[in-house]
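Notes for the one structure printed next.
FYI, side chains are in, hydrogens and waters are out, and symmetry mates aren't considered; it's all heavy atoms of this structure. Just so you know, these numbers come straight off a predicted model, no measurement behind them.
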Amino acid sequence: MTDSNDDPEATIDPDEDVGDSTALGSTDDQSVSDLDDVVLDNLDTGTGETSDEASRGLFDDLLEGEPIFENKEVLRPSYTPHKLPHREEQINNMATILVTALRGDTPSNILIYGKTGTGKTASAKFVSEELETTSQKYEVPCEVEYINCEVTDTQYRVLAQLANKFINKNIDVIDERIDDLEQLRSRAREDTSELADSDYDSLAALDDAIDELEAEKDEFEEVPMTGWPTDRVYSSFFDAVDYHERVVVIMLDEIDKLVEKSGDDTLYNLSRMNSELENSRVSIMGISNDLKFTDFLDPRVKSSLGEEEIVFPPYDANQLRDILQARADVAFKGDALTDDVIPLCAAFAAQEHGDARRALDLLRTAGELAERDQIDDVEEDHVRQAQEKIELDRVVEVVRTLPTQSKIVLFAIILLEKNGVHNINTGEVFNIYKNLCAEIDADVLTQRRVTDLISELDMLGIVNAVVVSKGRYGRTKEISLSVPTEETEAVLLSDSRLGDIDDVQPFVQARFDN
């Protein structure tokens, strides 16, 4: 007997009019072609529409509801608002220091400290934009360059990125000057009196000036992201900055990440540039979440870099409410928010050390959830759902980026909990960990190292590890999961190595519980 799953004819709807049944078994090319036409033309999705029509209408249903957002980008961390509530003091301090640049002098270096989401980067970018706008107004050459050191975290990359920014700006300046001179040359060829008010006494001198600019332009070679000696990259950056007179403010966001990864060589080179520059002046603005990162700097760099320090304190719930309200007025349509949404977002974020970024994420995610539900109003329940979603997303990202050994230890704890073991101790985790390592052919660490990995998972908030006394049996660490089991297990199994694990039933050591 033939299994219907193996029979291609079993997929044909018996009610379809496909002609004589003998034709189905025919080897005639025309019959096969006719059958293909029937199957394709009459494939029904169960809704009376063809699959093509169903896919075309896929987004129509989603677009039926009225959008809640007017401008969602206002709720993203990358957005720089026109006004920053409760940061007037810090902004004025920065402006007071940087105003020197508008007089053509070198501003003091600035270090900005504060926890995540306290408005450091937004305030610094706001002041920088104002500085550049004002410099154009008064025709004072002043430029600000922003580098995110969490992404660009080595001396080579920082210098290469800065060099290329200034090289491109210099080329633009040269192109503009060449264009002006070529227009002058064109007019002077018709009437040499055009040269009277210029710096050139002849067409030949004008030609020489254009050729010289073309030669200067050719000398600027873009720095590759790898491959050059660091001193050559620094030299290219130095020459590019010093090409013409200007004051440059280099904003290094997450500056502690650069120091952590590459030491303080970059800061040392940047901080001593002014003694060698002829035309330009450079000032550094560092932004950091770590108040203690300067403890690891060379004393010379530390004294030079920390000329001015500005601290951004965390926001309280009332301040967060003001920030959210100002953004919500622009981000949402009409009365899309119920009265308790903004206070609740502010309260949740105030618990996270006054993190405005967290508050904005909550508000944006709550709006997205309401929009998906095709509801006209964002309600308190959407905020609570958003809080759970953001927390889960954070957990997923942390677990996904764990080293393999930490993932194996965490998987051992999950297996124990799933098998009903409570108050798990380190010895039990180590036994399962060894079995898992054998299963995927991974190196087995010592029990002491596994205990250290459990402590690291505890610091990340993934597990809860508490040292308890067992009386005369000594002290032990009791471990429990602090994150959702199913979601965490799914993230671990998405790892190619752990995904190969067969169903390993944990061997639970017999023990006595007091």
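- With sequence neighbours left out, Glu391 forms a salt bridge (Lys or Arg N to Asp or Glu O under 4.0 Å) with Arg358, Arg394.
- Take Phe69 and apply the ring pair (Phe, Tyr, Trp, His ring centres under 6.0 Å) test, not counting sequence neighbours, and it matches Phe332.
- Note on residues 258-273: pairs passing salt bridge (Lys or Arg N to Asp or Glu O under 4.0 Å), not counting sequence neighbours, are Asp153-Lys261, Arg272-Glu276.
- Listed by first and then second residue, the side-chain hydrogen bond (donor to acceptor under 3.5 Å, both in side chains) pairs involving residues 331-349 are Thr338-Asp340 (not counting sequence neighbours).
- Judged as a salt bridge (Lys or Arg N to Asp or Glu O under 4.0 Å), the pairs with a partner in residues 398-409 (not counting sequence neighbours) are, in order, Glu397-Arg400, Lys407-Asp495.
- Within the structure, salt bridge (Lys or Arg N to Asp or Glu O under 4.0 Å) contacts touching residues 117-140 (residues at least two apart or in different chains) do not occur.
- Under the salt bridge (Lys or Arg N to Asp or Glu O under 4.0 Å) criterion, Arg103 pairs with no residue at all, not counting sequence neighbours.
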Side chains of residues 109-116: which donor-acceptor partners sit under 3.5 Å, not counting sequence neighbours?
unit_1 : atom_1 : unit_2 : atom_2 : d
Asn109 : OD1    : Ile284 : N      : 2.8
Asn109 : ND2    : Ser304 : O      : 3.0

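- Considering only residues two or more places apart in sequence or on other chains, Glu379 meets the salt bridge (Lys or Arg N to Asp or Glu O under 4.0 Å) condition with none of them.
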If you look only at distance, which donor and acceptor atoms sit under 3.5 Å apart when one is on a side chain in residues 447-464 and the other is two or more places apart or in another chain?
unit_1 : atom_1 : unit_2 : atom_2 : d
Thr451 : OG1    : Gln447 : O      : 2.9
Ser455 : OG     : Thr451 : O      : 3.2
Ser455 : OG     : Lys477 : NZ     : 3.0

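- Residues in residues 303-330 take part in no salt bridge (Lys or Arg N to Asp or Glu O under 4.0 Å) pair, two or more places apart or across chains.
- Applying the ring pair (Phe, Tyr, Trp, His ring centres under 6.0 Å) test to pairs two or more places apart or on separate chains, none has a residue in residues 141-165.
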